[in-house]
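Scroll down for the structure; my scribbles are underneath it.
Starting from 1, each residue takes its place in the sequence as its number. Every heavy atom of this structure was used, including side-chain atoms; hydrogens, water molecules and symmetry mates were not.
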Amino acid sequence: MTAYESPGEPGAATGPAHGAGPARYDAVVLAGGAARRLGGTDKPGVRVGGRPLLDRVLAACATARTTVVVAAPRPTARPVTWAREDPPGGGPLAALDAGLRRTTAEHVAVLSADLPFLQEPTVGRLLGALRASGSDGVLLTDPGGRDQPLVAAYRAPRLREELARLADRHGDLAGLPLRRLTAELDLTRISDPVASFDCDTWDDIATARARIREHGHVLDEWISAVKDELGIDLDVDTRGLLDLARDAAHGVARPAAPLTTFLVGYAAAQAGGGPEAVAEAARKAAALAERWAQESNPEAEPSGDGPQPTGTGPQPTGTGPQPTGTGPQPTGTGPQPTGTGPQPSGDGPQPSSGDLAPDATPDTRPDAG
């Protein structure tokens with residue numbers, strides 16, 4: 001397919017189970033096929049956002065009890081069970097039958113391996129709709145209203161029943177189109193033009209790669225790619241960590257941002273890991289960054305030595321009060337007082353702190369000699 005629309009976040013449409021964690025289910029991912037429109041390229045291994053398409057789909061069904069990938073074995077970011085249709089390359093029905101033979105759950109998510117925008121909430125939504133209905137399956141439709149039977153959730157017993165019937169009728173499942181199966185099922189349809197987007201051509205691949213680099217998606221895509229690369233399965237408050245990095249960069253120095261977030265991660269790992277450990281380490285670092293920033297502002301809080309003079313107060317002029325005759329009088333041989341210098345002590349007005357040179361300020365520290 002090449003049609004594509006972007007109404008919002010991938011899989012963000014609302015539904016019966018949107019945002020809810022799916023109950024026990026298995027997943028079958030079909031990752032075979034010749035990929036003729038990609039020139040025979042290994043499509044599941046094509047990278048979008050730095051991750052193979054297959055790994056992106058496996059992340060979407062990470063909560064499955066068992067995930068079966070029907071294809072030749074390859075390295076994957078998550079552990080899976082491998083299966084192979086007989087004969088290899090025998091088509092989607094033969095592949096689905098091979099995958100189902102390795103599952104036991106009543107409900108099964110059936111997915112193709114070329115869905116760059118499929119996410120876990122969409123899988124949960126499909127399963128929730130299946131449980132809430134009396135249908136044999138729930139599938140997504142693309143922007144043109146066409147069924148996408150490989151972005152769907154089914155009742156596994158009904159799939160096995162119909163596959164066995166087709167095998168008896170035709171003698172073999174190899175080469176049969178998927179519509180032979182779906183035509184026999186009672187299906188519910190959900191529109192999701194983003195999650196249903198699949199990559200059949202290089203234009204589709206280019207579209208997917210461009211979208212994930214858009215401002216509204218690039219950060220989440222990058223974090224997901226890093227977690228897969230490092231083997232980390234951890235949900236953290238991304239916005240909170242970004243706020244911490246911003247505060248460290250502005251209140252301390254720019255290099256403090258990446259170093260601080262690294263130390264937060266290290267401290268969280270030392271504390272046993274998990275979202276709570278990350279949140280606690282981030283909270284402490286954020287509080288420290290705030291205190292650090294306050295100290296850089298001299299008016300933020302007074303020091304222990306009392307109010308400090310500033311250069312913004314009124315300055316004495318040469319027309320201010322002059323010493324009176326009751327105080328000590330300067331002699332004609334000594335230096336004469338000016339209106340801008342220090343005034344002699346006595347009964348006359350005392351000079352303000354602004355009149356003193358910086359090196360003449362009295363030392364008021366407790367240990368001053």
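By the criterion of side-chain heavy atoms lying less than 4.5 angstrom apart, applied directly or through intervening Ile, Leu, Val, Met, Phe, Trp or Tyr residues, Leu163 is grouped together with Leu185 in one hydrophobic cluster. Tracing side-chain contacts under 4.5 Å through hydrophobic residues (I, L, V, M, F, W, Y), one never reaches Leu139 starting from Leu127; they form parts of separate clusters. No path of Ile, Leu, Val, Met, Phe, Trp and Tyr side chains, each step under 4.5 Å between heavy atoms, connects Val138 with Val108, placing them in separate hydrophobic clusters. Taking hydrophobic clusters as Ile, Leu, Val, Met, Phe, Trp and Tyr residues chained together by side-chain heavy-atom distances below 4.5 Å, Leu187 shares a cluster with Val110.
Looking at Thr66 and Thr104, their side chains never come closer than 4.5 Å, going by heavy atoms from C-beta outward. Between Ser196 and Ser191 the shortest side-chain heavy-atom distance does not fall below 4.5 Å. Between Arg211 and Phe197, the closest side-chain pair of non-hydrogen atoms is not below 4.5 Å. With a 4.5 Å cut-off on side-chain heavy atoms, Lys284 and Leu288 do not count as touching. Using a 4.5 Å heavy-atom cutoff, the side chains of Arg209 and Val46 are in contact. Side-chain contact between Thr103 and Arg160: present, with at least one pair of heavy atoms (C-beta onward) separated by less than 4.5 Å.
Nearest heavy-atom pair, Leu130 versus Ser135, reported as atom, atom and distance to 0.1 Å: CD1-O, 3.6 Å. Here the shortest heavy-atom pairing between Gly134 and Asp186 reads O-OD2, 4.2 Å. Between Pro44 and Ala31, the closest heavy-atom pair is CG-O, 3.3 Å. Residue Gly49 comes nearest to Ala225 through the heavy atom pair O-CB, 3.7 Å, listed as atom of the first residue, atom of the second, then distance. When all heavy atoms of Leu100 and Val28 are compared, the pair lying nearest together is N-CG2, 4.2 Å. Scanning both residues, Pro116 and Leu53, for their nearest heavy atoms gives CB-CD2, 3.9 Å.
Distance alone, capped at 3.5 Å, is enough to place a donor-acceptor pair between the Tyr25 side chain and the Ala64 backbone. Side-chain N or O atoms of Asp147 include none that pairs as donor or acceptor with a backbone N or O of Pro149 at under 3.5 Å. Put simply, the side chain of Asp142 gets close to the backbone of Arg146: a donor and an acceptor are under 3.5 Å apart.
Applying the salt bridge (Lys or Arg N to Asp or Glu O under 4.0 Å) test to pairs two or more places apart or on separate chains, none has a residue in residues 168-179. Judged as a salt bridge (Lys or Arg N to Asp or Glu O under 4.0 Å), the pairs with a partner in residues 244-260 (not counting sequence neighbours) are, in order, Asp243-Arg246. Listed by first and then second residue, the side chain to side chain donor-acceptor pair (under 3.5 Å) pairs that reach into residues 75-86 come to none, sequence neighbours excluded. Among residue pairs with one or both ends in residues 106-116, those qualifying as salt bridge (Lys or Arg N to Asp or Glu O under 4.0 Å) are Lys43-Asp114; sequence neighbours excluded. Judged as a salt bridge (Lys or Arg N to Asp or Glu O under 4.0 Å), the pairs with a partner in residues 56-77 (not counting sequence neighbours) are, in order, Asp26-Arg65, Asp42-Arg74, Arg56-Glu221.
If you take OG1 on Thr182 and OH on Tyr154, they are separated by 6.5 Å, rounding to the nearest 0.5 Å. Rounding to the nearest 0.5 Å gives a distance of 11.5 Å between CD of Gln148 and CG of Leu118. Residue Asp204 holds its CG atom at 3.5 Å from OG1 of Thr201, rounded to the nearest 0.5 Å. Rounding to the nearest 0.5 Å places OG1 of Thr41 at 9.0 Å from CD1 of Ile205. Within the model, atoms CG of Leu115 and CG of Leu150 stand 8.0 Å from one another, a figure rounded to the nearest 0.5 Å. Here the CZ atom belonging to Arg158 is positioned 9.0 Å from the CG atom belonging to Leu181, to the nearest 0.5 angstrom.
Salt bridge Arg165/Glu162: present, at least one basic N to carboxylate O contact under 4.0 Å.
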### Trace of the side-chain contact (heavy atoms from CB on, under 4.5 Å) decision for Leu58 with Val69
CA-CA 9 Å; Leu58 294 179; Val69 178; 3.9 Å; yes

### Task
Check step by step if side-chain contact (heavy atoms from CB on, under 4.5 Å) holds for Asp198 and Val151.
CA-CA 10 Å; Asp198 57 1; Val151 198; over 6 Å; no

Result block: side-chain N/O donor-acceptor pairs under 3.5 angstrom for residues 255-265, not counting sequence neighbours:
{"unit_1": "Thr260", "atom_1": "OG1", "unit_2": "Ala256", "atom_2": "O", "d": "2.4"}
{"unit_1": "Thr261", "atom_1": "OG1", "unit_2": "Ala257", "atom_2": "O", "d": "3.2"}
{"unit_1": "Thr261", "atom_1": "OG1", "unit_2": "Pro258", "atom_2": "O", "d": "2.9"}

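Counting heavy atoms of neighbouring residues, nucleotides and ligands inside a 6.0 Å radius, atom CH2 of Trp222 does not exceed 12 of them.
Exactly one of Val70, Val57, Val68 qualifies for a side chain to side chain contact (heavy atoms under 4.5 Å, CB included) with Leu30. That residue is Val70.
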